[in-house]
Student: 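Dropping a structure here in structure tokens format, bear with me for questions.
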Amino acid sequence: MEILVTGGTGYIGSHTVVELLQAGHSVVIADNLCHSDRSVLDGIRAITGQIPVFYETDCCDRAALDRLFQRHPKLDAVIHFAALKAVNESELLPLAYYANNLGALVTLLQAMQAHRVNQIVFSSSCTVYGTPGNPPVTEQSPIQPATSPYGATKQMCERILQDAVHADPSLSATALRYFNPIGAHESGLIGEKPQGVPQNLLPYVTETAAGIRRELRIFGNDYPTPDGTCIRDFIHVSDLARAHVCALEHMRHVPAGWRTYNIGTGRGTSVRELVDTFIRTTGASVPFRYEARRPGDIGQIWADPSLAERELGWKSVKTLEETLLSAWRWQQHITNLEK
């Protein structure tokens, strides 16, 4: 198949491009590079021996998308990653998040409809569940009010997709609700590279271990969890990327429609447990201090991913130790490059 991957030079997008290429698919990337860099393409080529077609394109730009679809009239499906994604930043810039995340999806769906591309895998999030009840969370868990503008955009995007599918019986849309992707490709050639101060936990851990940051800040040690820190379902990014390939294959063999899947390990790990495991596994030093809770964070959440295993034939396989070692390998790689 020929697949358009929006946001394909981003963290999850680039790993998914690798999985698609290694599965024998052709890939076209559209990315405006607001949170990524063209050098990611070099890493993809080094891993796969292939360079995907790349367009520096904003998904809110309908004319640019039309030109892309016209140049690639045989596109079979779209995987849509392109979005702003930091919970804390969304509290500060809600209008930017609503304009970008909703606008990009609507514009993309309009372009897909005009060019008769009728399959899309959407990059969703466990934030759609708001503050859930006792974990694990299933796809049937109630959708509670979002705890951040970012989470609200994911809820709204899912509603947009449901309405689009209802209006167009030929459209097939699958939303993968990610839990907490971490780690890097096993080669150490691509990984998460934040611009400025990291918004996510593990890049902050690895940058602290590398001496780039003085100390790690852990937000909140008074949650109702065994050690007081948040509990999350941390999944290796390559496991997550592989789920997109499985979702595309699944859509080829089932009727068009709307489907959702949790993509996680099914295990909860606290922030403090992750830091301690990183120190133990890598031997690196990670000084840290506790700070107040961040707005929009919830105490604990982890997935029940059994539906994805039953229907998509997918499950996570990487251990937490393997995942943390891959992130440290990537951090050492980029630190060496920048010396």
Side-chain angles (χ1 to χ4, degrees), residues 1-7 12-13 15-16 19-20 23 25 75-83 85 101-102 104-106 108-113 116-130 132 135-144 146 151-181 233 235 239-266 301-316:
M1 292 192 290
E2 185 174 33
I3 313 299
L4 171 62
V5 181
T6 70
I12 303 171
H15 287 80
T16 301
E19 295 293 328
L20 288 167
H25 300 295
L75 284 171
D76 295 289
V78 176
I79 302 179
H80 183 47
F81 293 105
K85 65 180 185 67
N101 293 5
L102 303 184
L105 178 61
V106 169
L108 176 63
L109 288 170
Q110 290 171 334
M112 288 174 60
Q113 185 178 56
R116 299 181 181 179
V117 178
N118 58 13
Q119 293 186 342
I120 182 170
V121 177
F122 176 64
S123 169
S124 193
S125 166
C126 64
T127 57
V128 300
Y129 295 112
V137 174
T138 74
E139 290 81 0
Q140 286 71 47
S141 295
I143 303 297
Q144 305 287 357
T153 68
K154 291 299 184 182
Q155 289 181 342
M156 293 177 191
C157 283
E158 287 200 7
R159 177 59 189 267
I160 289 167
L161 285 163
Q162 290 176 66
D163 289 343
V165 167
H166 179 74
D168 181 0
S170 71
L171 181 62
S172 189
T174 296
L176 301 183
R177 293 171 176 169
Y178 311 159
F179 279 67
N180 291 78
D233 188 335
I235 179 171
D239 278 344
L240 173 60
R242 189 166 38 80
H244 298 78
V245 182
C246 294
L248 285 174
E249 184 63 27
H250 183 253
M251 283 197 295
R252 295 175 62 189
H253 302 289
V254 295
W258 164 251
R259 296 173 178 84
T260 60
Y261 298 96
N262 288 338
I263 305 298
T265 66
I301 186 170
W302 63 87
D304 176 348
S306 58
L307 182 64
E309 183 173 357
R310 289 196 307 272
E311 295 193 1
L312 304 183
W314 172 91
K315 65 178 179 179
S316 66

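When a residue number appears, it is its place in the shown sequence, counting from 1.
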Student: Roughly how far, to the nearest 0.5 Å, is the NE2 atom of H250 from the OG atom of S172?
Tutor: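 Between S172 OG and H250 NE2, I get 9.0 Å after rounding to 0.5 Å.
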Student: Verify, without hydrogens or angle tests, whether Q155 (side chain) and V128 (backbone) share a donor-acceptor contact under 3.5 angstrom.
Tutor: yes
Student: Decide yes or no for V78 and I3: does some side-chain heavy atom of the first lie under 4.5 Å from some side-chain heavy atom of the second?
Tutor: no
Student: Quick one: does any side-chain atom of S141 pair with a main-chain N or O of V137 as donor and acceptor, under 3.5 Å?
Tutor: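 Not at all, since once roles are kept as given, no pair shorter than 3.5 Å links the two residues.
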Student: Got a donor-acceptor contact below 3.5 angstrom from the H25 side chain to the M1 backbone?
Tutor: yes
Student: Compute whether any side-chain donor of one residue and acceptor of the other, for T260 and E158, lie under 3.5 angstrom apart.
Tutor: no
Student: Would you give the length of the straight line joining atom NE2 of H244 to atom OG1 of T174, rounded to the nearest 0.5 angstrom?
Tutor: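 Going from the NE2 atom of H244 to the OG1 atom of T174 covers 10.5 Å.
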Student: Can you find a pair of side-chain heavy atoms, one from N180 and one from I235, that are under 4.5 Å apart?
Tutor: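 No. Closest side-chain heavy atoms not under 4.5 Å.
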Student: Can you tell me how the ring of F81 sits relative to the ring of Y178, calling it parallel under 30°, perpendicular over 60° and tilted otherwise?
Tutor: tilted
Student: Using modelled atom types only, decide if a donor and an acceptor are shared between the side chain of Q162 and the backbone of W258 within a distance under 3.5 Å.
Tutor: no
Student: Give the C-alpha distance, both sets of side-chain angles, the deciding distance and a yes or no for side-chain contact (heavy atoms from CB on, under 4.5 Å) between I301 and F179.
Tutor: CA-CA 8 Å; I301 186 170; F179 279 67; 3.7 Å; yes
Student: When rounded to the nearest 0.5 angstrom, what distance separates OG in S170 from CZ in R116?
Tutor: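 Between atom OG of S170 and atom CZ of R116 there are 10.0 Å.
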Student: Does K154 use its side chain to pair, donor to acceptor, with the backbone of S123 at less than 3.5 Å?
Tutor: yes
Student: Hey, what do you get for CD1 (I263) to CG (L312), rounding to the nearest 0.5 Å?
Tutor: 6.0 Å
Student: Before you tell me yes or no, could you show the steps for L4 and I79 under side-chain contact (heavy atoms from CB on, under 4.5 Å), namely the whole-Å CA-CA distance, both residues' side-chain angles and the distance that decides it to 0.1 Å?
Tutor: CA-CA 6 Å; L4 171 62; I79 302 179; over 6 Å; no
Student: With side-chain contact (heavy atoms from CB on, under 4.5 Å) as the criterion, how do L108 and F122 come out once you've worked through the C-alpha distance, each side chain's angles and the decisive distance to 0.1 Å?
Tutor: CA-CA 11 Å; L108 176 63; F122 176 64; over 6 Å; no
Student: Donor-acceptor check, side chain of D76 to backbone of E2, threshold 3.5 angstrom: yes or no?
Tutor: yes
Student: Between N262 and L307, is the side-chain contact (heavy atoms from CB on, under 4.5 Å) condition met? List the steps.
Tutor: CA-CA 8 Å; N262 288 338; L307 182 64; over 6 Å; no
Student: Rounded to the nearest 0.5 Å, how far does CD1 of I160 lie from CG of N101?
Tutor: 10.0 Å
Student: For the pair Y261 and E311, evaluate side-chain hydrogen bond (donor to acceptor under 3.5 Å, both in side chains) and give the outcome as yes or no after the intermediate values.
Tutor: CA-CA 9 Å; Y261 298 96; E311 295 193 1; 2.5 Å; yes
Student: Look at the side chain of R177 and the backbone N and O of T127, then say whether any donor-acceptor pair between them is shorter than 3.5 Å.
Tutor: no
Student: Would you please say whether a donor-acceptor pair under 3.5 Å links the side chains of E249 and H253?
Tutor: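 Their side chains do contain a donor-acceptor pair, which is all the 3.5 Å distance test asks for.
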Student: State whether the side chain of D233 and the backbone N or O of A303 hold a donor-acceptor pair below 3.5 Å, judged by distance alone.
Tutor: yes
Student: Does some side-chain heavy atom of D163 sit less than 4.5 Å from a side-chain heavy atom of L161?
Tutor: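 With C-beta onward as the side chain, the pair stays apart.
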Student: Roughly how far, to the nearest 0.5 Å, is the CE atom of M156 from the CZ atom of R159?
Tutor: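 Those atoms lie 11.0 Å apart.
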Student: Side chains of L248 and M251, heavy atoms from C-beta outward: is any pair under 4.5 Å?
Tutor: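 L248 vs M251: side chains touch.
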Student: For W314 and D239, indicate whether the former's side chain and the latter's backbone hold a donor-acceptor pair under 3.5 Å.
Tutor: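 At least one qualifying donor-acceptor pair exists.
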